[in-house]
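Reviewing the structure listed below.
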2 protein chains.
Amino acid sequence: MKNPRGGRSVSAEDVAKLAGVSRASVSRVFSDQGNVARETRKKILQAANELGYQVNFLAQGLNRKRSQLIGVVVARLSDPFRSSLLEGLLSEIQRKGYQALVTEVRDADELEMTIRRFTQFRVSGVVVTSGQPPADLVKECVQHNVPVVGINRHVEFPEVDLVCSDNKMAAELVAEQLIACGCQSIAWLNYRESTWSGINRGDMFQQVMAETSRDLFEIVAEADGYEGGRQAAHVFCAEGRNVDGVFCANAQLACGFLDGMRENGLDAPHDFRIIGFDNTPQTAQYSYRLTTIHQDVEKTAWRVLSCLEARGKDPSIDQSIEEIPVKLVIRNT
Amino acid sequence: MKNPRGGRSVSAEDVAKLAGVSRASVSRVFSDQGNVARETRKKILQAANELGYQVNFLAQGLNRKRSQLIGVVVARLSDPFRSSLLEGLLSEIQRKGYQALVTEVRDADELEMTIRRFTQFRVSGVVVTSGQPPADLVKECVQHNVPVVGINRHVEFPEVDLVCSDNKMAAELVAEQLIACGCQSIAWLNYRESTWSGINRGDMFQQVMAETSRDLFEIVAEADGYEGGRQAAHVFCAEGRNVDGVFCANAQLACGFLDGMRENGLDAPHDFRIIGFDNTPQTAQYSYRLTTIHQDVEKTAWRVLSCLEARGKDPSIDQSIEEIPVKLVIRNT
DNA sequence: TTAACAAATGAACACGTGTTCAGTGGTTTG
DNA sequence: CAAACCACTGAACACGTGTTCATTTGTTAA
């Protein structure tokens, strides 16, 4: 751990000098490319260890025209499902030897700036968990050979791979469960200005219900999150309507709706059944014990990274649209 | 938006050629350094715009020996306060023109690998929100002139700046509130293997209580999070003990403890008072309406970045230990 | 008119790495 | 024994930028 250069970081040049070989051999050892004699490798590793040498990723990326970075676009981390999704992505990104470049975006402008900056860092891939990337940016990524994949969203460009939870399967599981519990009138609860994934979940549920020739009431929440669900319950009760089975677009709406109903003297599972989406920690709490659809975050993250790597090797492959199976976690409601 | 080079990305060289100037002038324009005539600047900007030129951050960082990246160490994003802290950090990092390099660590080994990788990317700074960075790594960062700052933790190295929520102030606010509500026997609830910040909060509370010559019961949760709090309440009631005021180390313990007490027929604010830490969304929900200490995430993030920039300019400045004021959010309990 | 000066510019180097290409020596094959 | 082959090595170039230094140009002071 000496430091022969005044304050400057040690480079492959220094290692080469100490080991008595050329810098090219040092590079070969650390990039695991080309042949190098066992004896030389040993000398180099020892010298590197002594100096505390570490590859400069900026120089490496500059030369390879590609860094080990992966850009991740997120939004509204306060939503517990989103943060658990980010957690899964981070874990998988690190496991594969990459580093995550995370940016939070609030509007389309920020998304544009973000993706532009990602390409300036020569990222190996971009993961979009929120927002719709504009057409010219996607084109730019394609030109730079930067793979893009979207999670739980719809993107109209054939170069962008997609990984979604299987909303059709979720709808079938929920319908089956509610019907098995004897529900007669079933409703779908969603926020009025929901994201694409929320809308898609509703469409799928509608479709499944139609297949079994049942009507589907729609409850529209005027606000998002817990408060939105709670208020929706109050409005629902005030209007004197009645259902015995509710499927909610996400966990927060579900918890809010359940609490709202409780305030009106109705509780699950006694008076009605309710099933949520996103198996967030809160839904598991004793005060809720909410039956809910569980999205497989690990598998989603795994699939995302294999998409990135596949398209990184061959940018011309067909678009991949993968649906990740979901599970129904049956609890109390 | 032409692309005169076959598939390759446009460089400053191309812009210079099109504008009829030297590459040096292009560099001067985009790094805002040195003088350049108004007319030439205009020509360069126009050419750059036409070609869609963007600075290559890897080359820039390689030359400047410093990238615009800031490494952020996180853990357990499923904890809602941690994700909101990350959200605040991201927002501030982007506002200042940096990019966040986020890594999740589970143990000391991962932390070591992570910080090592951060230095390999020549980050402008490192933010540690979890774990204790080992001594030699901190030394390494200091040698590379990489500022390190810790949030809500204790680090024994004078080169590492610290930003903490003011736990003493929190303790005083809570004590004042509980006493004003007429509480006679007051307790402190924490997880047995809590982090430093949890322990510190307890110590401060103990100290404040001692100053007013009051006893402080300690309730020790054998598990962390919501379930830990809930079980602690059951054990507490089973032992037949009794208090009328509880201060909890974090929001999840508080919610769990409250629910556990409710299962035993006791509820706040009627039978006892309870105050949590971390003003998470769940504590605001109607079913809890928990009185809680609010940490100022925005100010924390702001302070973190000004520490980084200050030490980035002059690495030899004195250690800064800043305590961020907290607020007591009075709700129902 | 000349000297002194400030602003603007381009050539050249440095940053630290990956990779090609031409060699070297040693071993196998005909 | 010559030829062909193989593993191994080092010199040199490329990646795209920031920055120094010398030079040119235009302007002011003596």
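Chain identifiers are assigned alphabetically (A, B, ...) following the order of the sequence lines, protein sequences preceding nucleic acid strands; residue numbering begins at 1 within each chain.
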Notebook entry, point to check: Using a cut-off of 4.0 Å on non-hydrogen atoms, how would the nucleic acid contact of A:A24 be classed: base, sugar-phosphate, or nothing?
Noted result: base
Next item on the list: Would you kindly say whether B:S83 and A:R82 are connected by a side-chain donor-acceptor distance under 3.5 Å?
Entry: no
Notebook entry, point to check: Any side-chain hydrogen bond (donor to acceptor under 3.5 Å, both in side chains) pairs touching residues 148-160 of chain A, not counting sequence neighbours?
Noted result: A:N152-A:Q295
Margin query: So if I take every side-chain heavy atom of A:L62 and compare against D:dC15, C:dA11, D:dT17, which nucleotide ends up nearest?
Written below: D:dC15
Check: With a 4.0 Å cut-off on heavy atoms, is A:F57 in touch with a base, just the backbone sugar-phosphate, or nothing at all?
Finding: nothing
Item checked: Nearest-angstrom distance from the residue atom CZ of A:R64 to C1' of D:dG16 -> 17 Å
Checklist line | Euclidean distance, atom CD1 of residue A:I44 to atom C1' of D:dT9 [Å, nearest integer] | finding: 10 Å
With the criterion being N/O to N/O and under 3.5 Å, what pairs connect the protein with nucleotides 21-25 of chain D, and how long is each?
none

Next item on the list: Report yes if a side-chain nitrogen or oxygen of A:Q33 is closer than 4.0 Å to either non-bridging phosphate oxygen (OP1 or OP2) of C:dT19; otherwise report no.
Entry: yes
Margin query: For A:R41, is there an ion pair with A:D32 - N to carboxylate O distance below 4.0 angstrom?
Written below: yes
Next item on the list: Report the residue (A:R23 or B:V36) whose heavy-atom-nearest nucleotide on DNA chain C is the more 5′ of the two.
Entry: B:V36
Notebook entry, point to check: Is the shortest distance from a Lys or Arg side-chain nitrogen in A:R76 or A:E104 to a carboxylate oxygen in the other one below 4.0 Å?
Noted result: no
Item checked: A:E13 CD - C:dG18 P separation (whole Å) -> 13 Å
Next item on the list: Would you please confirm or rule out a distance under 4.0 Å between OP1 or OP2 of C:dG10 and any side-chain N or O of B:S25?
Entry: yes
Notebook entry, point to check: With sugar-phosphate meaning primed atoms plus P, OP1 and OP2, does B:V26 contact a base, only sugar-phosphate, or nothing at under 4.0 Å between heavy atoms?
Noted result: nothing
Note to self: Whole angstroms only, please: what is the CD-C1' distance between A:Q60 and D:dA14?
What the structure shows: 16 Å
Margin query: Given D:dC15, C:dA8, C:dT9, identify the nucleotide with an atom nearest to the side chain of A:N63.
Written below: D:dC15
Item checked: N or O in side chain of A:S27 less than 4.0 angstrom from C:dT19 OP1/OP2 -> no
Next item on the list: Send over the distance from B:D14 CG to D:dC15 P, rounded to a whole Å.
Entry: 10 Å
Item checked: Given D:dT17, C:dG10, C:dA8, the nucleotide with the shortest approach to the side chain of B:V21 -> C:dG10
Next item on the list: Could you check how far OH of A:Y53 sits from P of C:dG16, rounded to whole Å?
Entry: 10 Å
Notebook entry, point to check: Rounded to the nearest Å, what distance is computed from the CZ atom of residue B:R122 to the C1' atom of nucleotide D:dG18?
Noted result: 16 Å
Check: OP1 or OP2 of D:dT17 sitting under 4.0 Å from any side-chain N/O of B:S31?
Finding: no
Next item on the list: Look at the side chain of B:S11 and decide which nucleotide, out of D:dT9, D:dT17, C:dG18, has an atom nearest to it.
Entry: D:dT17
Next item on the list: Please state whether the phosphate of D:dG10, meaning OP1 or OP2, lies under 4.0 angstrom from any side-chain nitrogen or oxygen of A:S22.
Entry: yes
Next item on the list: Assess whether one donor atom and one acceptor atom, taken from the side chain of A:N56 and the base of C:dG16, lie less than 3.5 Å apart.
Entry: no
Margin query: Once salt bridge (Lys or Arg N to Asp or Glu O under 4.0 Å) is applied, do any residues pair with A:R95, and if so which ones, sequence neighbours excluded?
Written below: A:E92
Next item on the list: List for me each residue that meets ring-ring contact (aromatic ring centres under 6.0 Å, His included) alongside B:F118, sequence neighbours excluded, and say none if there are none.
Entry: none
Next item on the list: Count the heavy atoms belonging to other residues, nucleotides or ligands that lie under 6.0 Å from CG of A:D107, then report whether that count exceeds 12.
Entry: yes
Next item on the list: Please determine, for the side chain of B:N35, which listed nucleotide (D:dG18, C:dA8, C:dC15) has the closest atom?
Entry: C:dA8
Notebook entry, point to check: Where the side chain of A:A12 is concerned, which of C:dG16, C:dA14, C:dT17 is the nearest nucleotide?
Noted result: C:dT17
Next item on the list: Report the distance from atom CZ of A:R38 to atom P of D:dT9, rounded to the nearest whole Å.
Entry: 12 Å
Note to self: List the residues meeting salt bridge (Lys or Arg N to Asp or Glu O under 4.0 Å) with A:R303, not counting sequence neighbours, and say none if there are none.
What the structure shows: A:E322
Check: Got a sec, which residues hit salt bridge (Lys or Arg N to Asp or Glu O under 4.0 Å) with B:E323, two or more places apart in sequence or on another chain?
Finding: none
